[in-house]
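The structure under discussion appears below in the form of structure tokens.
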2 protein chains.
Amino acid sequence: MISSIAELISDRIGTMPAGERRAAQTLIANYPLTGLKTVAEFSIAAGVSSPTILRFVARLGFQNYPEFQSALQDELAAQLQSPASRTLNPASPAGGGAVSPMLEATLDNMRETFRHLSDKQLADIAARLAERRGKTFLIGGRFTDPLARYMAAHLAIIQPDVYHLAGQESIWRDRLIDMGKRDVLVIFDIRRYQESLIRFAEKAHERGVQIVLFTDQWLSPIARFARHVIAGRTAVPSAWDSSAALFVVAETLIGAVTRQLEAAGAKRIRDLESLR
Amino acid sequence: MISSIAELISDRIGTMPAGERRAAQTLIANYPLTGLKTVAEFSIAAGVSSPTILRFVARLGFQNYPEFQSALQDELAAQLQSPASRTLNPASPAGGGAVSPMLEATLDNMRETFRHLSDKQLADIAARLAERRGKTFLIGGRFTDPLARYMAAHLAIIQPDVYHLAGQESIWRDRLIDMGKRDVLVIFDIRRYQESLIRFAEKAHERGVQIVLFTDQWLSPIARFARHVIAGRTAVPSAWDSSAALFVVAETLIGAVTRQLEAAGAKRIRDLESLR
DNA sequence: GGAGCGCTGTATCGTATGTTACGTATTTTG
DNA sequence: CAAAATACGTAACATACGATACAGCGCTCC
């Protein structure tokens, strides 16, 4: 059974020609507001012509555009009057779709991850990353290296001397000679923990490098060498572990570091502002 | 300070004549829907004439009726996009650090992103990625390329011919000659949209490549060329946009593709199982 | 490679919509 | 109580909005 227009669209979007599909996508993207505007505005937003919009609503079963708008308004009225019913994706059939459980598990993971993570802990790590005594290196494992890249991409903008260690093991192993007590090494490592990373962490630790470890709740062996450990929940109903919680922690940290540097009035940040 | 139109009305309703006051009351009664209808409908609902409605909106300071409606729509857009403001969470320590708001916003972003995303849509994309007629290419922008890498790292394990396009523009631009109708190109692009990516997407589209686009709610121009568009929420209380919602969608897709291939009994998957 | 079909945009048309002018009703004030 | 001012609705108007016809184009299927 189809109750909302959004469902109706996603049900038939497959059978639509390209132009009408663009219309459908733009409408879904910020539903239902685009549909409440005029045909001309809708068509511009979707990058198609007016008749295409009209054919689109016709395909949905509406006699004319006003009727379509009325339906959207009625839906919106029902939604606004009972904000409690703003459940996520009522389209999902309780049994079939495996999306909701996945999302629910991910959200739970994040809440749980942050429940075990104090503000002070994050602030400390942020402070460590923000104080520019030495260099910052980032590295990750097979699946988590993208997280290291993501964090590096941001940090490298707001401060100098941020390096992502990429490529072959032999390459970043040689970078060890650049590292010392004043430096910070951010490592992402979840199961299955990688031998090469562990060895690398140990060597870095011996050189006095401060290690910040992102790992899962079972803690990578690297935790032995780490100054700070962030343990994220990774279990989801999937064949793969989820790094989403660690990703959010990383984003939070990026934000915290940025804020601390702003507060410190770093020149680089002010320069950055002017570029925005 | 007056922020919403509803406030504006209740502020001036005292100085209004009887007819306009009735208009104000009917609008407030089921705000803001009555204001989105036509003048005639509004007037009937309020039991007054059309000119009275127009005088009413004029008294609120609007030049004409469409301007008034635009203002209402903007307000509604802001309201729909940040359901966070609605759920005041007494559990979170109000005084504490800047962590909770960031997390709350991220969780909201995810819920909102998936609310606009049907199971069917995800299943369609997963099916497209799972059917092994052609090759799969992944690429991202400055900050989102790590997401492309993350997805590529997983997909490359469960199926052959998965390539992440990295490095200089000239390098992946030349890969276009390998792409054709049977291939899929997954692009991550959020504001500020990168010219190079747009050009690349256009070229790929011209070659008949099926494009799956991960973007933000304002839709990258690439949406024009995309077969499938995933619009994630990115707004968080930080100097940076958040890609966390897109990350979770990516993980969900990875899971869905894996499941489909398992269901299809792909040999590669069985081989993979034995390696675990 | 050619014929047919379907999709899309341009241009045009009729109409519903917002707007305005004006006359009547109602209230206010001296 | 009278006169003026204000408020309100009816009716006519112009704009812009949605609808439609038609032609060009690309795509698919013989």
Side-chain angles (χ1 to χ4, degrees), chain A residues 5 9 12-27 32-73, chain B residues 5 9 12-27 32-73 133 180-183 202-211 223-227:
Chain A
I5 296 175
I9 292 171
R12 303 194 185 173
I13 197 172
T15 70
M16 292 182 188
E20 299 178 27
R21 195 160 46 226
R22 275 185 224 158
Q25 283 162 348
T26 30
L27 175 57
L33 266 156
T34 314
L36 297 178
K37 299 182 185 296
T38 66
V39 174
E41 287 172 310
F42 192 163
S43 68
I44 291 172
V48 297
S49 67
S50 308
T52 301
I53 300 297
L54 296 176
R55 280 188 286 263
F56 164 67
V57 303
R59 192 182 298 266
L60 292 178
F62 297 98
Q63 291 300 322
N64 48 31
Y65 195 72
E67 181 181 310
F68 165 71
Q69 286 192 320
S70 295
L72 281 180
Q73 288 185 0
Chain B
I5 298 177
I9 292 171
R12 303 194 186 174
I13 198 172
T15 71
M16 291 181 188
E20 300 180 26
R21 197 174 309 143
R22 292 190 62 180
Q25 284 163 347
T26 23
L27 176 56
L33 263 156
T34 316
L36 296 177
K37 300 183 184 294
T38 66
V39 175
E41 287 173 309
F42 193 165
S43 68
I44 291 172
V48 296
S49 69
S50 307
T52 302
I53 300 297
L54 295 176
R55 281 189 284 263
F56 163 67
V57 302
R59 192 183 297 266
L60 291 178
F62 297 98
Q63 292 298 321
N64 47 31
Y65 195 71
E67 182 180 309
F68 164 71
Q69 286 191 320
S70 295
L72 282 180
Q73 287 186 1
R133 300 193 320 171
K181 287 198 227 302
R182 316 171 81 89
D183 301 328
E202 186 170 11
K203 293 271 172 51
H205 175 66
E206 286 168 4
R207 296 185 65 88
V209 179
Q210 307 264 0
I211 294 180
R224 294 183 55 85
F225 314 119
R227 187 84 170 72

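Each chain gets a letter, A, B and so on, in the order its sequence line appears, and its residues count up from 1. Quick note: numbers below take in every heavy atom, side chains included, and nothing from hydrogens, waters or symmetry partners.
Side chain of A:Glu20 to backbone of A:Ile13: no donor-acceptor contact under 3.5 angstrom is found. Side chain of A:Gln69 to main chain of A:Gly35: a donor-acceptor pair is present (N/O by atom type, distance under 3.5 Å, no hydrogens or angles).
Here D:dC17 presents its P atom at 13 Å from CG of A:Leu54, a figure rounded to the nearest Å. Regarding A:Glu67, its CD atom lies at a distance of 16 Å from the C1' atom of C:dA16, rounded to whole Å. Counting to the nearest Å, the P atom of C:dT20 and the OH atom of B:Tyr65 are 15 Å from each other. Between B:Arg207 atom CZ and D:dG26 atom P there is a gap of 18 Å when expressed in whole angstrom units. What separates CD1 of B:Ile53 from P of D:dT10 is a distance of 13 Å, to the nearest Å. Spacing between atom CZ of A:Phe62 and atom P of D:dA19 amounts to 13 Å, rounded to whole angstrom units. Atom pair A:Phe42:CZ and D:dC17:P shows a separation of 16 Å (rounding to whole Å applied). For the pair B:Arg21 CZ and C:dT27 P, the interatomic distance rounds to 13 Å; values are reported in whole Å.
Place A:Lys37 and B:Ala18 on DNA chain D by their nearest nucleotides, and B:Ala18 ends up nearer the 5' end. Both A:Pro66 and B:Gly47 lie close to DNA chain D; mapped to their nearest nucleotides by heavy-atom distance, the more 5′-ward contact belongs to B:Gly47.
Here the nucleotide nearest the side chain of B:Pro17, chosen from C:dT19, C:dT8, D:dC8, is D:dC8. With distances taken from any side-chain atom of B:Val39 to the nucleotides C:dG18, C:dG9, D:dA19, the minimum falls on C:dG18. Which of D:dG18, C:dG18, C:dT8 sits closest to the side chain of A:Thr38 comes down to D:dG18. Nearest nucleotide to the side chain of B:Thr52, out of D:dA19, D:dG9, C:dT8: D:dG9. Side-chain proximity of A:Pro51 to C:dT8, C:dG9, C:dG18: nearest is C:dG9. Ranking D:dA19, C:dT8, D:dG9 by closeness to the A:Glu20 side chain, first place goes to C:dT8.
For the OP1/OP2 pair of C:dT19 and a distance below 4.0 Å, the side-chain nitrogens and oxygens of B:Ser50 include no atom meeting the criterion.
Pairing each heavy atom of B:Arg12 with each of B:Arg59, the nearest pair is NH1-O, 2.9 Å. Of all heavy-atom pairs between B:Lys181 and B:Arg133, the closest is O-NH2, 4.4 Å.
In the interface, the side chain of A:Arg55 is not paired with the base of C:dG6 through any donor and acceptor atom under 3.5 Å apart.
Other residues, nucleotides and ligands place no more than 12 heavy atoms under 6.0 Å from the CD atom of A:Gln63.
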